[in-house]
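Taking it in order: structure first as C-alpha cells, then the write-up.
Quick note on labels: first sequence line is chain A, next is B, and so on, each numbered from 1.
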2 protein chains.
Amino acid sequence: MSRSVTVYDVAARAGVSIATVSRVLRSPDAVRATTRERVREAVAELGYVPSGSARGLAERRTGVLGLYFPGFDAAEEAPDLDVFVDDPASVPTFTLAHDDGEVHPTSLFLDEVLRGAELEAWKRGFVLMIGVGRDDPDRSTVRDMAGRVDGLVVLARSVPDDVLARLSRRIPVVVLSGPPRGDDYDHVTVSNSEAMAELTRHVLAQVPEGARVAFLAGPEDSPDGGQRWEGFSQAVRAAGIGTDAVTVVRGDFTRESGRRATEGLLVGGAPDALVAANDQMALGAIDVLRDAGLRVPEDVLVTGFDGIEAAALSRPAVTTIRQPMIDLGRAAVQVLARRLEHPDAPPAVVRLPLQILLRESSQRPS
Amino acid sequence: MSRSVTVYDVAARAGVSIATVSRVLRSPDAVRATTRERVREAVAELGYVPSGSARGLAERRTGVLGLYFPGFDAAEEAPDLDVFVDDPASVPTFTLAHDDGEVHPTSLFLDEVLRGAELEAWKRGFVLMIGVGRDDPDRSTVRDMAGRVDGLVVLARSVPDDVLARLSRRIPVVVLSGPPRGDDYDHVTVSNSEAMAELTRHVLAQVPEGARVAFLAGPEDSPDGGQRWEGFSQAVRAAGIGTDAVTVVRGDFTRESGRRATEGLLVGGAPDALVAANDQMALGAIDVLRDAGLRVPEDVLVTGFDGIEAAALSRPAVTTIRQPMIDLGRAAVQVLARRLEHPDAPPAVVRLPLQILLRESSQRPS
DNA sequence: TTGAAAGCGCTAACAT
DNA sequence: ATGTTAGCGCTTTCAA
C-alpha cells in the first residue's frame, strides 16, 4: 500500500512501453496476442488498478454520474457515533427493548430513485456518485460533485438557482421531479395534477350530491403540493361543486400535521370525503377520524398520495397515487446520458405516468 | 459547455498565476485580501469549477469513498425503460389500478446502510460513490470504483476473494456485515449469534416444559443465517432441551418460502414456538398459521430477525431483532477513515449491538 | 505492432 | 505574497 502500482511499473515488468499497456486495457485488439498476454500477466502479478483520476484527466470524462438530493436526514440530529471505544467490554452485543412499532417514515422515495438511477447508470457503463444537500452555506458538496462527474441529476429545489446555473456551465444537469419551469435544463417529472384530478373524480363519483369535501393540503412552498391542489380543485370545479362545500386545511406532509389539521376540520363537522396531499397526512387523518368514532370508508372516504408502504399496510388500506420512483431515477439518467451524447439538443421534459391505486379507504361499500 | 473553464482561464482573467488561483481555493489566507477578491470574482464570472480528476491526480487522493453492494435488483428482470417515445400522446399521464397492497420487500437494509455511510462520509469531507455487484464476470464495476476512490466498503461476500485481495493492494477495504474471518481487512459486523441466543431464551422461558420448538432457517450458504442458527441451537442446548423436541425447516429468506416451510412443519403437528431466521419468513409463517386456525401468540409464539417495517405493522406485531443499519454504514466509513489515517494499524473488527424488539407475537398472554 | 512524447488541469515545492 | 515549474498517471497522436 506504499506507492501505488502504475502503468510504468506494469510496462517495465512486461518489457513494453506504457502506451502498449494502455492499449491492452482500452483496445486489446490493437496489440499482438503474445504481447497482450505478457502485459496481462504483469497486470495480474502486480495487482494493477488504473487510476481513475489520471484517466479522467486524460480522457476528459470521468465515467461517473452524480445524484444530488436534499438532506434526507437532519445531520445535526444524528448523535455522534464513535466506534472506537477504549473498553470493548463496554459495548453490549445486544439490547432488549419493548417496542410498539415506531416506524421511521424516511424517504423511501429517494431510496428508490437511487436504485433506478444506479441501474440505468450501470447499464450505460457509468458509476454513480451521490451527495446529500445539508445546511451547507456555499453548497460545497454539490460543487465538489460537479467537478468529479460527467453529468448531474439534482432533485428539484435542492440547489439554489444561481449555483445550479454555474454548475451547468461545466456539465449537463437534469432536474428531477417538481414542476418544469421554463429553464434550459432537462426535466423529468410526473403528472401530479392530472392524476390528482382523476382520483378526485373517482372520489366525487361516490359521494352524494351536496356532500362536504375536504382537502388536506401540503406546505405552501411545496411545488408538488401545489400541483396536487390544482388537480383537486380543478376536478371539484369541473364537477360543479360550490366552494362552500369544500374545506381546505393545511399540514406539512407529516402524519402529526395530518392529525392536527383533521382535528381542526372536525370542529366544523365531519366531511364525507377527505383528499390528502400525501399518504402520511392521510394516515394521520384516519387516526383522528377513528378516534372520533367515524368509520373509513363507511362514513368518510380518504385518499393519500405517494404510495408509501404504510398506506398499503394500514387498515383500511389507503387509496393513493404511486410515484414511479424507480423509473424516475432511470429516466433521469437516461436523459442525462442522452444529453452527454447530444449536447446541443433542445431541453427535454419527460413526464412519467403515475399509478392510481384504489384501495379500501376510498370505496364506499354499496 | 464547449471547453471547460480551467485554472488558466481564471488566472488570466484575474491577472495572476495559476498558483495563486490554486491558493485562493485551498488556503485563502496565504493570499493578500485584494488579490483574493480579484480571483474570486474571476471564478464567479467564469463559473469555474475545479476538475476533480486533475485534483485527484495532483493530490494523490480523490476525496471519494466507495460503497459496493451485491445486486439489490435483478438487472435482467428490469424491463427496458425508454423514455424517448416518438409519440408523446402514447404516454399516459396516469394509470388506474385496483391494488391489494403488494409490497416490495426490497433491501431496506442497504438503503439504510447507505444513508449512514453517506452521513459519515459527509461529516468527514468525503463524497460517496456507490456500485452494485451484478453478474459481471470480471467484476469490472468494483475495479472501476477502486480506481476512483480513496477507500472502499464492500458488503461481505459481494466480491470474490481474489478480486478483493487485489483491490486492497491499492486502497483500504472494509468488509461490512458477515462473519469476520481471519483476514487482513477491517470488519464491521453485528452479534447475530449472541442476540439470537438471547431471543431464544426469552421464547423458551414462556413455553411449558417439553414444548415443541421449531427453527425456520435461512439458506445454507448465508453466513448470517448460519450465525443465527448457532445462537438458537446454543440457547436450546443450554436449556437442556432434547433434539427430538426441536424441528428445523429451511427457507430462503422470502415470505413465500416461510409459508412453504411452515406448511411442511404443520404436517407433523404445530409447534409451541417458531423462531425464524428473518422477518419475511416469520411473516410467511404467520400467514400459514392463521390459515390453519392457529393463533399467534396464544397458540404459537413467533419471532423474526431484521426489524423490517412490515414486522412492526403486521398484526400481531412481530418480535424481532433490529440490525443497526444506519450505524453499520456509519461505522464502516469511520473505520475506513481511520484506516486512511493510520495505514499500518492492525486490522480492526467492530461489532455493533443488535436491538431485540419484544412485540406481541412472542408474548404469551398470561 | 509498438514507442516517444505531448498534453489533460491541478498541487506543491522552490524561487523570488 | 506571488510566480515558475515539475510532476501526478494516464490516453493519444504521430513516427518508426
field: Nearest-nucleotide pick for Ala58(B), side chain only, options being dT11(C), dG7(C), dT1(C)
entry: dT11(C)
field: Nearest-angstrom distance from the residue atom CZ of Arg36(B) to P of dA1(D)
entry: 10 Å
task: Among the candidates dG9(C), dG3(C), dC10(D), find the nucleotide nearest to the side-chain atoms of Ser51(B).
output: dG9(C)
dT2(C) phosphate, OP1 or OP2, under 4.0 Å from Thr35(A) side-chain N/O: yes
- prompt: Between Ser17(B) and Leu25(A), who's closer to the 5' end of DNA chain D by nearest nucleotide?
  reply: Ser17(B)
- prompt: Between Arg148(A) and Asp144(A), does at least one N-O distance fall below 4.0 Å, as a salt bridge requires?
  reply: yes
- prompt: Side chain of Glu59(A): nearest nucleotide among dT12(D), dT4(D), dT11(C)?
  reply: dT12(D)
field: Under 3.5 Å donor-acceptor pair, Tyr8(B) side-chain atoms to dC10(C) base atoms
entry: yes
- prompt: Base, sugar-phosphate, or nothing for Ser53(B), non-hydrogen atoms under 4.0 angstrom?
  reply: nothing
- request: Could you state the atom-to-atom distance from CG of Leu57(B) to P of dG9(C) in whole Å?
  value: 12 Å
message: Side chain of Arg23(A) only, heavy atoms from C-beta on: which candidate in dT13(D), dA12(C), dG9(C) is closest?
response: dT13(D)
Closest to the Ala19(A) side chain, choosing from dC8(C), dG9(D), dA5(C): dA5(C)
message: In whole Å, I'd like the distance from the CG atom of Asp29(A) to the P atom of dT1(C).
response: 10 Å
- request: Could you pick out which residue, Val21(A) or Thr20(B), lies toward the 5' side of DNA chain D when each is mapped onto its nearest nucleotide?
  value: Thr20(B)
statement: From CZ of Arg55(B) across to C1' of dG7(D) the rounded distance in Å is 18 Å
message: Could you report the tightest heavy-atom contact between Leu46(A) and Arg13(A), atom names first, then the distance?
response: CD2-NH1, 3.7 Å
- request: Nearest whole angstrom, please: distance from the C1' of dA12(C) to the CZ of Arg61(B).
  value: 15 Å
message: I need the CZ-C1' distance between Arg60(A) and dT13(D), as an integer number of Å.
response: 13 Å
- prompt: Rounded to the nearest Å, what distance is computed from the CZ atom of residue Arg148(A) to the P atom of nucleotide dC8(C)?
  reply: 22 Å
- prompt: So does Arg181(B) pair up with Asp161(B), basic N to acidic O under 4.0 Å?
  reply: yes
- line: Considering only heavy side-chain atoms of Ile18(A), the closest of dT2(D), dT11(D), dG9(C) is dT11(D)
query: If you check every side-chain atom of Val31(A), which of dA1(D), dC10(D), dT2(C) has the closest atom?
result: dT2(C)
message: Please classify the nucleic acid contact of Thr6(A) as base, sugar-phosphate, or nothing, using heavy-atom distances under 4.0 Å.
response: sugar-phosphate
message: Categorize Val16(B) for me: base, sugar-phosphate, or nothing, with a 4.0 angstrom heavy-atom threshold over every strand shown.
response: sugar-phosphate
query: Checking Ser27(A) side chain against Asp29(A) main chain: does a donor-acceptor pair fall under 3.5 Å?
result: no
message: Less than 4.0 angstrom from a charged side-chain N to a carboxylate O is my criterion; do Arg26(B) and Glu59(B) meet it?
response: yes
- prompt: Do NZ/NE/NH1/NH2 and the carboxylate oxygens of Glu118(B) and Lys123(B) come within less than 4.0 Å?
  reply: no
message: If you compare every side-chain N and O of Arg32(A) against the phosphate oxygens of dT1(C) (OP1, OP2), does one of them come in below 4.0 Å?
response: no
